[in-house]
Amino acid sequence: DGMEKELKCMSAEMAEVVRANSLLEGRIHAYESKRGESDTLIISLRSTLENCNSAKHSLGDDLSTQIALNNALSEKLNKARIESEATSKRSDAIFNDFKNQVQALQNRAGHAEENSHQLESDIFEKEEQLQSKSQMLNEHKTKLTKTEARLIETV
């Protein structure tokens with residue numbers, strides 16, 4: 001009787017130990033399963049990190065290349081701007097010189113026109129003087145001819 005009780009008690013304790021053991025095995029299995037998921041997640045995160053680092057280096061290289069290209073373009077644009085300003089200054093100087101030459105020619109043309117009018121006036125005046133002198137000469141000639149005719153008659 002006492003043994004039976006002790007056996008039942010031991011059996012109950014054994015059942016308790018088996019149940020506790022089963023619970024522990026379940027927890028261990030769950031832990032191991034979660035640990036496996038964590039390891040997989042860690043591996044995946046490491047792979048993603050490596051991909052990100054690779055992309056970062058690639059982008060860094062691309063960025064360096066882009067910066068170098070931008071700097072070269074900026075330099076070319078600056079040179080082109082300087083050349084454009086120099087060309088504009090030369091063009092302005094040529095235009096101003098041309099404008100001054102045109103003004104000088106216009107001034108000379110104006111003076112030539114004034115001189116031409118003055119010359120026409122002088123020529124007209126000289127022609128009138130010539131006509132007047134020619135008329136006087138003709139009158140003197142006529143007088144001389146008459147005087148010559150009288151002298152011839154007298155002789």
Side-chain angles (χ1 to χ4, degrees), residues 1-140:
D1 209 25
M3 276 281 215
E4 217 177 275
K5 244 184 174 188
E6 206 173 301
L7 259 172
K8 279 185 184 181
C9 202
M10 280 178 119
S11 184
E13 282 180 10
M14 183 63 112
E16 183 72 26
V17 167
V18 167
R19 195 174 46 92
N21 192 25
S22 178
L23 280 175
L24 269 173
E25 282 179 8
R27 284 185 181 168
I28 289 170
H29 180 69
Y31 171 75
E32 285 176 347
S33 173
K34 288 193 186 243
R35 185 171 154 212
E37 289 173 12
S38 293
D39 288 347
T40 303
L41 183 60
I42 288 170
I43 290 168
S44 173
L45 287 174
R46 281 187 181 148
S47 175
T48 302
L49 180 63
E50 286 174 15
N51 289 341
C52 285
N53 284 335
S54 175
K56 181 180 81 172
H57 290 304
S58 177
L59 286 174
D61 292 345
D62 290 349
L63 183 61
S64 296
T65 302
Q66 192 62 43
I67 287 171
L69 288 173
N70 284 349
N71 288 340
L73 280 175
S74 180
E75 218 173 283
K76 285 182 180 180
L77 283 173
N78 196 32
K79 284 180 183 178
R81 183 186 55 78
I82 290 169
E83 287 176 16
S84 175
E85 287 174 358
T87 301
S88 178
K89 286 180 184 176
R90 285 192 304 268
S91 181
D92 287 347
I94 290 169
F95 175 76
N96 287 333
D97 184 46
F98 177 73
K99 190 170 80 173
N100 290 340
Q101 288 179 7
V102 167
Q103 184 64 45
L105 286 173
Q106 286 174 339
N107 289 344
R108 286 173 58 193
H111 291 310
E113 190 175 338
E114 287 174 14
N115 290 342
S116 173
H117 289 311
Q118 184 62 45
L119 283 173
E120 283 177 10
S121 176
D122 289 350
I123 288 171
F124 182 73
E125 189 178 310
K126 295 293 180 188
E127 283 176 346
E128 285 180 344
Q129 288 176 1
L130 275 174
Q131 283 178 356
S132 174
K133 287 182 180 181
S134 176
Q135 190 177 6
M136 282 174 46
L137 281 174
N138 282 337
E139 288 173 5
H140 283 332

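Only this structure's heavy atoms are used, side chains among them; waters, hydrogens and symmetry mates stay out.
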*Asks:* Could you tell me whether the side chain of Ser38 and the main chain of Lys34 form a donor-acceptor pair under 3.5 Å?
*Replies:* yes
*Asks:* With a 3.5 Å distance limit and no angle check, can you tell me whether Thr87 reaches the backbone of Glu83 through a side-chain donor-acceptor pair?
*Replies:* yes
*Asks:* Distance-only, no hydrogens or angles: does the Ser33 side chain make a donor-acceptor pair with backbone N or O of His29 under 3.5 Å?
*Replies:* no
*Asks:* Ignoring hydrogens and angles, tell me if any N or O in the side chain of Thr65 forms a donor-acceptor pair with the backbone of Asp61 under 3.5 Å.
*Replies:* yes
*Asks:* Quick one: CG on Leu59 to OG on Ser64, what's the gap to the nearest 0.5 Å?
*Replies:* 10.5 Å
*Asks:* Working note: Glu85 + Arg81, criterion salt bridge (charged side-chain N to carboxylate O under 4.0 Å, His left out); need CA distance, chi angles, decisive distance, verdict.
*Replies:* CA-CA 6 Å; Glu85 287 174 358; Arg81 183 186 55 78; 2.9 Å; yes
*Asks:* If you look only at distance, which donor and acceptor atoms sit under 3.5 Å apart when one is on a side chain in residues 110-123 and the other is two or more places apart or in another chain?
*Replies:*
unit_1, atom_1, unit_2, atom_2, d
Asn115, ND2, His111, O, 3.4
Gln118, NE2, Asp122, OD1, 2.9

*Asks:* Does a side-chain heavy-atom distance below 4.5 Å link Leu49 with Asn53?
*Replies:* yes
*Asks:* Determine whether Asn78 and Glu75 make a side-chain contact, defined as any pair of heavy atoms from C-beta on separated by less than 4.5 Å.
*Replies:* no
*Asks:* What distance separates His140 NE2 from Lys133 NZ, expressed to the nearest 0.5 Å?
*Replies:* 11.5 Å
*Asks:* Say you draw a straight line from CZ of Phe124 to CD of Glu128; how long is it, rounded to the nearest 0.5 Å?
*Replies:* 4.0 Å
*Asks:* At what distance, to the nearest 0.5 angstrom, does CG of Leu23 lie from CD of Glu16?
*Replies:* 9.0 Å
*Asks:* To the nearest 0.5 Å, what is the distance between OG on Ser84 and NZ on Lys89?
*Replies:* 11.0 Å
*Asks:* Do you see a donor-acceptor pair shorter than 3.5 Å between the side chains of Arg19 and Ser22?
*Replies:* no
*Asks:* Checking Asn96 side chain against Asp92 main chain: does a donor-acceptor pair fall under 3.5 Å?
*Replies:* yes
*Asks:* Can you measure from CD (Glu139) to CE (Met136) and round to the nearest 0.5 angstrom?
*Replies:* 7.5 Å
*Asks:* Is a donor from one side chain sitting under 3.5 angstrom from an acceptor on the other, for Gln66 and Asp62?
*Replies:* no
*Asks:* Within the 4.5 Å heavy-atom criterion, are Cys52 and Lys56 side-chain neighbours or not?
*Replies:* no
*Asks:* Is there a donor-acceptor pair under 3.5 Å between the side chain of Thr40 and the backbone N or O of Gly36?
*Replies:* yes
